[in-house]
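Have a look at the structure below before the remarks.
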Amino acid sequence: MRSVWMWALPLVLAVPAHGQDTLTVGSAEARRGTTASGWLNVPAGIDPAVRIPVSVVHGAKPGPVLALVAGTHGYEYTSIVALPRVLRRLDPARMTGSVILVHMANPPAFYGRRIYYGPDGKNLNRVYPGKADGTQSERIAFVLTREVIDKATHLVDMHCGDGNESLRPYSYWQVSGSPAVDEASRQMVLAFGLDHVVVDRERPKDPAKSAYTSNTAVLRGKPALTAESGGMGLTDEASVAAQEAGALSVIAHLGIADTPSVKVDNPVWFDRSEVLRAAATGVWHPAVEKMQTVAAGTLLGRVHDPFGKVLQEVRAPFAGEVLYVVATPPATEGEPLAFVAHRLDGEPAR
Ligand SMILES: [Zn+2]
């Protein structure tokens, strides 16, 4: 066997790096027309090492490289359940371009059954582009930036309501100010197929402080979207199927594979949105449900102290729709209780 490798090696080296004869992400090394699965190793620092499961489906012909990132928040299960289903549908021999599937971006949060934060107390979706010598979440972000985002041309960050959040499906279209990237991101949002879209113009513009997974891609010139489908720690078929169908549809949209499209032509756009947060730590009593239409001033819920006294009344800041509401009792000062968005008449400005 050794002689075979000695012959093969010079041939591999003769291919220029950008020719991508082999696409390698962590220990997953896929030659053109093949699929490989392996692990992204995040070395130990002041806290333990992490292994992130990843698959690379490297199309027979060169084309876009789409990264699908599941499970950035470890209690958001729908994308983690959907990605192996996406993987089964992809045939690299018939693909023009490639797909990197990050099956579970945040194993410490998943296996620890943690909402919002990893064991280091940090939100993985706020620490990008990460730090090589930071705490666990920061090191995960650092490895995902270099190994996944830097190797991709497009990205979908797949979320849902966290373990305490009752959420209706929607996407974020991020407007960065780069017209070409923003238009390509908009087309990806439509391709993903969720018919409610929040227009987000507020994300950081400094690549060194990109904070979010999708923003890290966008600020590096790579069109991206964030999708939300599911919540409350559930894996209901409708929510998982929407993640699967959306991913396959973006793959089709980019011309990577002939997968089914669920493109939405005329979604409901939201031009203004606000996360309402707990002003005090206590016991949350929601007064609305997801998908509910609210007027400005509508009571969304109350935070009580443990004895039952009202500490805070949370009201809608403007007329809109409840895209998610925390549906379990714990309320911690500064953390979300509900997300209200205002419906735009027509299409957003580009
Ligand atoms: Zn999330």
Side-chain angles (χ1 to χ4, degrees), residues 50 52 67-83 101-128 130 136-138 140-141 144-145 148-149 155-174 189 192 194 196-198 200 202-204 210-218 224-236 239-240 242-244 246-247 270 273-277 290 322-328 330 332 334-341:
V50 175
I52 297 170
L68 301 171
V69 180
T72 289
H73 293 128
Y75 218 120
E76 298 177 6
Y77 300 142
T78 54
S79 58
I80 294 169
V81 173
L83 279 198
L101 300 94
V102 177
H103 292 281
M104 186 194 293
N106 199 347
F110 177 80
Y111 292 112
R113 300 181 180 82
R114 293 168 180 273
I115 69 163
Y116 300 156
Y117 311 113
D120 60 0
K122 290 176 186 162
N123 182 338
L124 175 57
N125 206 26
R126 298 294 184 278
V127 298
Y128 276 86
Q136 211 172 41
S137 299
E138 293 165 330
I140 290 172
L144 289 175
T145 299
V148 176
I149 297 172
L155 179 139
V156 182
D157 190 21
M158 302 165 79
H159 289 250
C160 64
D162 219 319
N164 54 338
E165 292 170 346
S166 173
L167 175 145
R168 70 108 62 240
Y170 66 94
S171 304
Y172 290 96
W173 174 43
Q174 183 190 340
V189 164
F192 198 89
L194 301 179
H196 283 52
V197 182
V198 173
D200 187 349
E202 306 296 320
R203 302 232 165 150
S210 51
Y212 301 84
T213 314
S214 62
N215 193 38
T216 306
V218 165
L225 74 108
T226 301
E228 304 269 357
S229 170
M232 299 294 295
L234 302 174
T235 56
D236 56 291
S239 300
V240 173
Q243 300 273 16
E244 178 188 10
F270 296 91
S273 57
E274 187 170 331
V275 175
L276 288 309
R277 295 175 183 278
K290 66 179 174 185
V322 177
L323 297 188
Y324 72 74
V325 59
V326 166
T328 59
T332 307
E335 289 191 344
L337 296 173
F339 184 49
V340 174

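Atoms within a ligand are numbered from 1 in the order they appear, just like the ligands themselves. Throughout, numbering of the chain's residues begins at 1 and tracks the sequence.
- There is no side-chain donor-acceptor pair under 3.5 Å between Glu165 and Tyr75.
- Between His196 and the options Phe339, Tyr170, Phe270, a ring pair (Phe, Tyr, Trp, His ring centres under 6.0 Å) holds for only Phe270.
- The aromatic rings of Phe110 and Tyr77 stand perpendicular to each other, their planes meeting at an angle above 60°, with 30° marking the opposite boundary.
- Relative ring orientation between His73 and His159 is described as perpendicular, the plane-to-plane angle rising above 60° on a 0-90° scale split at 30° and 60°.
- Of all N, O or S atoms in His73, the one lying closest to the Zn ion (ligand 1) is ND1.
- Look at Glu228 and the Zn ion (ligand 1): no N/O/S atom of the residue is under 2.8 Å from the metal.
- The Zn ion (ligand 1) lies closest to atom ND1 when only the N/O/S atoms of His159 are considered.
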